[in-house]
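The basis for the numbers below is simple: all heavy atoms, side chains too, and nothing from hydrogens, waters or symmetry mates. Every value quoted in this text rests on a predicted model; they were computed, and no experiment measured them. Chain naming here is simple, since letters A, B, ... match the order of the sequence lines and numbering starts at 1 in each.
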Amino acid sequence: MLIFDDLFAQLLEAIKINLPEVDNTDLVSDKSGHADYSFRTFRLSRLMKTSQEDLFSIIKEALKSVGFVSNVALSSGYVNISILDSFFLESVSKYLSERGQYPDTFQDPERVLIEHTSTNPTGPIHIGRSRNSVIGDGIARIFKRCGYRTTTQYYVNDSGKQVAALYKGFQMYHEKDDPTLGNLLDGYQKIYKTMTDREKEKELVEPEIKRYESGDAEILQKIREYCSIVLQSIVESLQKIGIKIDDYVWESSFLRGGELDSVFESLSDKIEDDSGAKFVSMPDGYKIYLRRSNGTSLYFARDIAYHLFKALNADWIIDILGEDHKDHAKNLSYVLKEFMGYTPRLDFVTYGFMSLEGSKFSTRMGNIVSLDEFVSRATEEGLKVVREKRPDLSESRLHEIAEAVAVSSIRFSIVKVNASKQLDFRWKDALSFEGDSAPYVMYAYARSRSILSRIESVPAGDKSWTMNEWERRLARTLFSYPYHLRDALDSLRPEIIANYCLELVKSFNDFYSQCPVIGSGEETEKRVMLVKNFSEILKDAGSLIGIKFLKEM
RNA sequence: GGGUCCGUGGCCUAGUUUGGAUAAGGCACCGUCCUUCUAAGUCGGUGAUCGUGGGUUCGAAUCCCACCGGGCCCGCCA
């Protein structure tokens, strides 16, 4: 829960005393530049058959007692409400100095579990898949920031067809070799080339699945070993872009622990039979198979078991999934809630697929970019740029900056786009460090730190803190941070934070070019305060989406 | 074919969940500003019938319907 001076709520409450019919869609934070808040009279005027002028008088009267309101005016149906110049800056400063953060938080008892990435341990993570990680990690950080007890989890698929193929491929093509990452991937790719149709797949892989699920010690041990090797490389790739997942849950643990049997037991009155195979029916008649006729389990059944397991330690469960899993998510949610009385809050964030230079990612066409490759190319590009701009810095410092720029850029370029949209990856755009990008954000931070580092003593200034338009806009944008944070949390949309960062930086850059800080006499104290608040809040917000901030760059 | 998501200047994106005051940024292009705190920046300019057509409304990028274009799903794969 966020703690801050919620002006919006206070204004609304004050107006409600004299005008109980008001609801929170009548009042908006104004974006048109007319005022700070704007009350729209249209709805109430019709509803109450009261003129806009009369409503205006009532509102003006109601706001008389509100100390931070400086002006109330009626303009073409809008009641424009202005806030005292000093209020925004004072409020933010108070929180930062007294509580250490703005907004402050109150620990929420709800335990939130966010599952993300969960890519099959059958190959390195590529840039398309990393969209999942970037979104998931962003959402997790937003929850933590808002005071939730948050855990992230990676579901390791070490059972089923794909990993059986990983095993079989290695046995077929590299039996005498060490199970290195390279050999495992090679075997996997080769076996997939031979599995040209579903019959071929069945023939090669199904006996292995059967062995696996019947508890054959050899295959169990091998698959765990192979998956661990591939998973390790994925974990390392994620680490490079600053993502660390709290828990790894192995799918196979539900096969062995008996959880799967309890799933079938508790669903027994819903389960139907199709020549030995087991399924449940959705309201539209669609059949969801839980078990093959040969007795082995299917993904849906194991995913039920997994979600029951999640519920043991969480009140709110969030899964980040590719849009190909959308129907699965809907059906899973239905079965859990309607058939099994599932109580935790369950949300799915699905994201559109990424493409590469306008065409589909495709492993077999070689049309793919691994996360590692992207990181190293971005770092290289970053190094080129920093070297040119900062020839004065040491080699190690240049590398440090290049890496921060690369990682931040990668995450920012992915997270800033709404998850529901398809995202086309283009090298040219991804490696550009200008405009609406992470370096743009980082650079503004470095500028603010540079100013602060040059401040020795601050002369006491004019305490009334009247502001010019640039100071005011910056102060107001800083103040608005909690609203964006709350929006991002409620809608599970980390891009709201990315866009807020851009908006905040824009207001800072305008301020920077118009308002000198050092040596500005009476203005200095106020401006230093603005710069200080800016650097803290920008770092706070940007860190949520994985931007790394440097004092200089 | 059925379901579902997306469609905003030449290109990319915000705004759509909660309908409101001249549709907001970036890239590219043209021009401006470094003897003020880092020019990865600032300012100005060119460029949008918000996919199309209806509807609801005092008011629609936003809500409803139809259509068009694209993604994804429709497996005893995951």
Select base, sugar-phosphate, or nothing to describe what A:Met442 touches, counting heavy atoms under 4.0 Å on all strands. nothing
OP1 or OP2 of B:C58 less than 4.0 angstrom from a side-chain nitrogen or oxygen of A:Arg46, does that happen here? yes
B:U17 P sits how many Å from A:Asn24 CG, rounded? 14 Å
Reading RNA chain B from 5' onward, which residue's closest nucleotide shows up sooner: A:Lys389 or A:Phe511? A:Phe511
Among the nucleotides B:A40, B:C76, B:U42, which one has an atom lying closest to any side-chain atom of A:Ala277? B:C76
With a 4.0 Å cutoff (strictly under), does any side-chain N or O of A:Tyr440 reach OP1 or OP2 of B:U42? yes
By the 4.0 Å heavy-atom rule, please label A:Thr296 as base, sugar-phosphate, or nothing. nothing
Take atom CG of A:Leu321 and atom P of B:C73, then tell me their distance rounded to the nearest Å. 13 Å
Pairwise P distance, B:G53 and B:C72 [rounded to whole Å]: 28 Å
Any donor-acceptor pair under 3.5 Å between the side chain of A:Ser437 and the base of B:A40? no
Using whole Å, report how far CG of A:Leu502 lies from P of B:G25. 12 Å
Centroid distance under 5.5 Å and plane angle under 30°, A:His34 vs B:A21: yes
What's the closest nucleotide to the side chain of A:Gln162 if the choices are B:G41, B:C76, B:A78? B:A78
Using whole Å, report how far NE2 of A:His325 lies from P of B:G3. 23 Å
Expressed as a whole number of Å, how far does the C1' atom of B:A60 sit from that of B:U17? 16 Å
Reading RNA chain B from 5' onward, which residue's closest nucleotide shows up sooner: A:Asp510 or A:Val517? A:Val517
Check the distance between B:U42's P and A:Asn509's CG and give it to me in whole angstrom. 5 Å
Per A:Pro439 side chain, nearest of listed nucleotides B:C58, B:A40, B:C37: B:A40
Determine the Euclidean distance between corresponding C1' atoms of B:A23 and B:G59; express it in Å to zero decimal places. 15 Å
How far, in whole Å, is B:G55 from B:U62 if one measures between their C1' atoms? 15 Å
Between B:C37 and B:A21, how many Å separate the two C1' atoms, rounded to a whole number? 38 Å
Checking A:Tyr289 side chain against A:Phe300 main chain: does a donor-acceptor pair fall under 3.5 Å? no
Taking only the C1' atom of each, what is the distance from B:C11 to B:G19 in whole angstrom? 30 Å
Would you say a side-chain N or O of A:Arg292 is under 4.0 Å from OP1 or OP2 of B:C77? yes
Distance, rounded to the nearest Å, where A:Tyr155 contributes OH and B:A78 contributes C1': 10 Å
Check whether any side-chain nitrogen or oxygen of A:Arg447 sits under 4.0 Å from OP1 or OP2 of B:A39, and answer yes or no. yes
In terms of relative ring orientation, are A:Trp427 and A:Phe374 parallel, tilted or perpendicular, with 30° and 60° separating the classes? perpendicular
Is it true that atom CD of A:Glu403 has more than 12 heavy atoms of other residues, nucleotides or ligands lying nearer than 6.0 Å? no
Classify the nucleic acid contact of A:Tyr512 as base, sugar-phosphate or nothing, counting any heavy atom under 4.0 Å across all strands shown. base
Does B:C74 have its OP1 or OP2 closer than 4.0 Å to a side-chain nitrogen or oxygen of A:Lys330? no
In terms of side-chain heavy atoms of A:Ser76, which of B:A40, B:U42, B:A21 is nearest? B:A21
Where along residues 377-384 of chain A does a heavy atom fall under 4.0 Å from RNA chain B? none
Nearest-Å distance once atom C1' is located in both B:C34 and B:A61: 40 Å
Is A:Arg291 positioned over the aromatic face of A:Phe264, cation under 6.0 angstrom from the ring centre and no more than 45 degrees off axis? yes
Just checking A:Ser355: base, sugar-phosphate only, or nothing, at a heavy-atom cut-off of under 4.0 Å? nothing
If I take atom CG in residue A:Asn294 and atom P in nucleotide B:C76, what distance separates them, rounded to the nearest angstrom? 13 Å
Syn within 90° of 0, anti beyond: B:C34 is syn
Closest listed nucleotide, where the reference is the side chain of A:Tyr289 and the choices are B:A28, B:A21, B:C76: B:C76
For the CG atom of A:Asp303 and the CG atom of A:Leu298, what is their distance to the nearest 0.5 Å? 12.0 Å
Nearest-Å distance once atom C1' is located in both B:U49 and B:G3: 32 Å
Name the orientation class of the two ring planes belonging to A:Phe8 and A:Tyr483 (parallel below 30°, tilted from 30 to 60°, perpendicular beyond 60°). perpendicular
For A:Lys532, does the NZ atom sit with more than 12 other heavy atoms under 6.0 Å from it, leaving out its own atoms? no
State whether the distance check finds a donor on one side and an acceptor on the other, under 3.5 Å, for side chain A:Ser453 versus base B:C37. no
Could you check whether any side-chain N or O of A:Glu213 sits under 3.5 Å from a backbone N or O of A:Ser297, counting only pairs where one atom can act as donor and the other as acceptor? yes
Assert yes or no for the condition that the ring centre distance of A:Tyr299 to A:His328 is strictly below 6.0 Å. yes
Picking from B:U42, B:C72, B:C37, the nucleotide nearest the side-chain atoms of A:Lys360 would be B:C72
More than 12 heavy atoms from other groups under 6.0 Å of CD on A:Glu357: yes
Protein proximity profile, nucleotides 4-15 of chain B - base contact B, sugar-phosphate-only contact S, no contact -, cut-off 4.0 Å on heavy atoms: SSSS---S-SSS
Across all strands shown, which nucleotide pairs with B:U22 by Watson-Crick or G-U wobble geometry, both distances under 3.5 Å? none
Measure from the side-chain heavy atoms of A:Phe42 and tell me the nearest of B:C58, B:A21, B:C77. B:C58
Nearest of B:U42, B:A21, B:C76 to any side-chain atom of A:Asn80? B:A21
Are any side-chain N or O atoms of A:Arg527 and backbone N or O atoms of A:Pro516, one a donor and one an acceptor, separated by less than 3.5 Å? yes
Nearest of B:A78, B:G26, B:A39 to any side-chain atom of A:Asn120? B:A78
Sugar-phosphate, base or nothing in reach of A:Val531, heavy atoms under 4.0 Å: nothing
Using whole Å, report how far CH2 of A:Trp470 lies from P of B:C43. 10 Å
Please answer whether the main-chain N or O of A:Asn294 pairs with a side-chain N or O of A:Lys210 as donor and acceptor at a distance below 3.5 Å. yes
Pairing partner (Watson-Crick or G-U wobble, both distances under 3.5 angstrom) of B:G47: none
Which part of the nucleic acid, if any, lies within reach of A:Ser275 when heavy atoms closer than 4.0 Å are counted: base, sugar-phosphate only, or nothing? base
Does a side-chain heavy-atom distance below 4.5 Å link A:Leu356 with A:His126? no
Give one of base, sugar-phosphate or nothing for A:Val28, where a contact means two heavy atoms less than 4.0 Å apart. nothing
What's the spacing between A:Leu544 CG and A:Ile496 CD1 if we round to 0.5 Å? 12.5 Å
